[in-house]
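Down below is the structure, laid out as structure tokens.
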Amino acid sequence: MDVTNPNFWYALMGLSVVLIVVIWKKNQALLNNTYVAVTLSLLFAIAYFHLVNHYLMDNQGLDYWYLFRK
Amino acid sequence: MGGQTRKKLMAIMALSAMIGLLMFPILVSIPALAAGGGAPAAGGPPPDVLAEQEGDAVEEGQKVEMGRDVYYKTEGIVSGLPAPKTEDDLRSYPRYNFESRVLLWFANQQHLYYGSFVLAVPIFCMIIEFVGIMSKDKAMSKKYDQLAYDFIKISITAYSITAILGGILIFTFLTLYPAFFGYLSSIFRPVMHIYALLFVAESGTIYIYYYGWDKMKEGLLKWIHLSMSVVLNVIGTTLMMLANSWIGFMMSPAGVDEQGRYLGNIWHVLHTALWNPLNVHRLLGNMAFGGGVVAAYAAYRFLSAKNDEERAHYDWMGYVAMAIGVMFLIPLPFAGYWLMREVYAYRQQMGITLMGGLLAWLFIIQATMIGILFLSSNYYLWQALGRMRGAEKYQRYIKYLVFILVVGFLVFITPHTIVMTPTELKAMGGQQHPVLGAYGVMSAKNGGINVIITTTVLSFIWYMRGNKVPIVPWAKFGDIFMGCFFGLAYLNIIWLAIYGYYIPANVRVGLSVPQVVTTLSCLFFMTALNLTMLKGAKMSGPIEWGKISVRSQYALIMLATAFTWMMGLMGYIRSSVRLFWHVNEIMRDNSPWAYTHTTGFAANMISFNVLFFWFTILFVFWLGTLGVKKVPVEAPAPVPGRVPQPAVGH
């Protein structure tokens, strides 16, 4: 598991989106469950902000993971 | 031909004439531009004559002098005289018994305040009139139309004052800085007259737009009226961009060689390194400023309202103006960041003078003003929650927003170093405070301002939800998702600010971009999510316009005053960064006033300009109220045999 690889965060974000869609289709009430909603929202947001950080630094020719690779 | 058809034809002809008027300056300038758009230095022959002379010279076997563009590094035929070398004498700097620079500063600043206002307000009118036309609710459509009319009514008087101030500014330049103004107008000769003619086109359009409001209020005519506002704004924005090219040239000259000789390419002269960042920054700044001034007008009318109906109207007007102003205020720091980045890219020393040297303390004052702007906006929104039933649920959380805003604000305004006596320096153990000193760097400041902006976005979202309860089946999930997204956004901004302390400066400088995008993600995605959730939402009560605290109106006045002060400050900073140059590295300022004022003097001068502007704009506001008083108190007795007509017009 390499957290410096954007694919990891894509996978995490994809997983959260798939879970949201599946739960929405199967059982809408479950989606409104506090624990489920918090878990899925956090998964999505954490992955999203890491991708933002990674790609916007990468576009400037900079390495967001500089400290972690040292 | 029916009366309606005739009116339509007349409207189309008027619009065509207006477009023709708009195109006229461009048409007349084509021969000059085709001839190379030459702008000889003061007193020299026009470019076509020069080109002819050069052609003759080539024919006679003489050498054509070539020059190298100081910015674009391209070769070009020298088409003008060098920038004049001025001396501290009455020929270059004729003067009264007063500091010429201060007189010019005053004339320039007042013209800029009014110019910004009259450029911004028609853009608001265009947006509001369009919203009114698109609104399916007839009553709302009429309200929006009245609002747009109220906006343009204020700007009409201001427009005349702008023109007068423009004249005063030109006379000030001609009488106090003739050598410099002669050089600048010679370089910009092909576009100077376009500017003047565009101003004529703008005047014609704005007067037709204003006086034709009642005549063109329905059907196709209304659309033509709206399209006139588009034409008006295209002219206005072009005018602003042309004026920006002059200050862009003064800061980062291009299209001339190292002696300041014009090289025949007018586009290079216009399109300097800082032109586009200045255009974007000024456009956003004008809009935010215009919103602030109109909001202050509405607050003034609210405070002096005689009945509930008036109070409700001006409360609504103040809210709309404030919302538009803040909408443009939010991206303004990012546009400013881009401008500074381009300044650093153009001349690193210029950037250091601005943010780390001579003018750095002014940036601390600027940070304070930005903080005040956002605090005032948030305060107004929290007060505005009071006019909605059901918004009480948010009241208890406001204290947390206050805490976040204040912490962000304090970090944002912490200076890197402070002026101290030797005793104070010794007591503190160095130039930087052992704890607070850590916040005086860009890494922390970027975090501070992004936290402030994100909180403002959150306040807006709460305001939008004030009297509404979402009823979509996934409402609870949506609320939790929004909460988590905002929470993680705050954490990401703070994390990036802290991370910046542990990585080298060349990597750290890039962290501001993901910070900005984090904030913008909250703005765009969460606003979109909120609007989706609020579709068909249950209303817990209507918005009771006019039932808002008086304090909120003072917040609007505060907002407008802070905008005005900050504009004066930033204009001074931008102009001062040239230090002792009229045109950076090309034409030296040899007047006795080619030095940087003390921060105290500058602050006093800015305050004087702000006070003067507000005294005069209050006069404009007062003029705006005179028309309203013409409405008769009692209706005249009906004349027998005549059908009573409904009241029309404004």
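Since the structure is predicted, the reported quantities are computational estimates derived from the model, not experimental observations. Here is how names work: the chains are called A, B, and so on, in the same order as the sequence lines, proteins then strands, and each is numbered from 1.
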Practice task
For chain B, find which of A:N59, A:N33, A:T34 contributes the most heavy-atom pairs closer than 4.5 angstrom.
Solution key: A:T34

Practice task
Could you label the plane-to-plane angle of the A:F44 and B:F481 rings as parallel, tilted or perpendicular, counting under 30° as parallel and over 60° as perpendicular?
Solution key: tilted

Completion exercise
Closest non-hydrogen contact found for A:M57 with B:V507 is CE-O, 3.4 Å

Problem - Given A:L30, A:N32, A:I23, the one that forms side-chain contact (heavy atoms from CB on, under 4.5 Å) with B:F477 - result: A:N32

Problem - Student check: side-chain heavy atoms of B:P514 and A:F49 closer than 4.5 Å - result: no

Problem - Option in A:V38, A:L40, A:L31 with maximal non-hydrogen atom pairs under 4.5 Å from chain B - result: A:L31

Exercise for the section: Look at atom NZ of B:K535 and say whether more than 12 heavy atoms of other residues, nucleotides or ligands are closer to it than 6.0 Å. Expected result: no

Exercise for the section: With rounding to the nearest 0.5 Å, note down the distance linking CG in A:L67 to OH in B:Y502. Expected result: 9.5 Å

Practice task
Output the option from B:A475, B:P504, B:G478 having the highest count of non-hydrogen pairs under 4.5 Å with chain A.
Solution key: B:P504

Distance-only donor-acceptor pairs under 3.5 Å for side chains of residues 482-494 of chain B, two or more places apart:
residue, atom, partner, partner atom, Å
B:Y490, OH, B:T455, N, 3.4
B:Y490, OH, B:T455, OG1, 2.7
B:N492, OD1, A:N53, ND2, 2.8
B:N492, ND2, A:N53, OD1, 3.2
B:N492, ND2, B:T518, OG1, 3.0

Practice task
Return the orientation label for the A:Y64 and B:Y499 ring planes: parallel under 30°, perpendicular over 60°, tilted otherwise.
Solution key: perpendicular

Problem - Heavy atoms of other groups near B:F328 CZ, more than 12 under 6.0 Å - result: yes

Problem - Residue part contacting chain A, namely of B:N506, when any heavy atom lies under 4.5 Å - result: backbone

Problem - OH (B:Y501) with more than 12 external heavy atoms under 6.0 Å - result: yes

Practice task
Considering non-hydrogen atoms only, spot the tightest contact between B:P473 and A:Q28 and give its length.
Solution key: CB-OE1, 3.4 Å

Exercise for the section: Determine whether more than 12 heavy atoms belonging to other residues, nucleotides or ligands lie under 6.0 Å from atom NZ of B:K393. Expected result: yes

